Amino acid sequence: MARALARDDLDRAIALGLLNDDADPARACAHCTPTCALAISEARANRLTALAARERYRARAQRLQRRADERAAQRAGAAPVAASEVADTVDAAIEAAPPPRPALPNAAAAALARAKAKAAQRGPT
């Protein structure tokens, strides 16, 4: 396994058991040194991290594709709307809308009305 990793032959190292749960770097070879065992452990950890990332990427791609398919199905399922139906909907929305609020509060409107009446009594200038 150590020789395969040294030659950057990950396929061979995996075939020799790099990713096995019971893989013990100390038993990787008869002449394994602590440095060699550490390299095997690091290679195993890096490979497992890469495989987990690839699985997350694939799951995300499937999730995005499913959402896109659902949106496409919703768009395809929506029936075309005639112009008269749109006008009826707009009219119904206008009728259901609450009455518009006055632009001025009651006290300000009363003051403005008094000022207009006073100005009208004075006449044009």
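Below, all heavy atoms of this structure are taken into account, side chains as well, without hydrogens, waters or symmetry copies. In what follows, residues are counted from 1 in the order of the sequence shown. Everything numeric in this text was worked out from a predicted model, so none of it was measured.
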Colleague: Looking at every non-hydrogen atom in both residues, tell me the closest pair between I14 and R47 and how far apart they are.
Modeller: CD1-NE, 4.2 Å

Colleague: side-chain contact (heavy atoms from CB on, under 4.5 Å) with A109: which residues, sequence neighbours excluded?
Modeller: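 Residues passing side-chain contact (heavy atoms from CB on, under 4.5 Å) with A109: L104.
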
Colleague: Looking only at non-hydrogen atoms, find the nearest pair between A4 and A13 and report the distance.
Modeller: CB-N, 3.8 Å

Colleague: Measuring from R12:CZ to R3:CZ, what's the distance to the nearest 0.5 Å?
Modeller: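 Reported to 0.5 Å precision, the distance equals 10.0 Å.
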
Colleague: What side-chain hydrogen bond (donor to acceptor under 3.5 Å, both in side chains) pairs are there with at least one residue in residues 59-70, not counting sequence neighbours?
Modeller: Q65-D69

Colleague: List the atom of L18, the atom of I40, and the distance in Å for their closest heavy-atom pair.
Modeller: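 Minimum heavy-atom separation between L18 and I40: CD1-O, 3.9 Å.
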
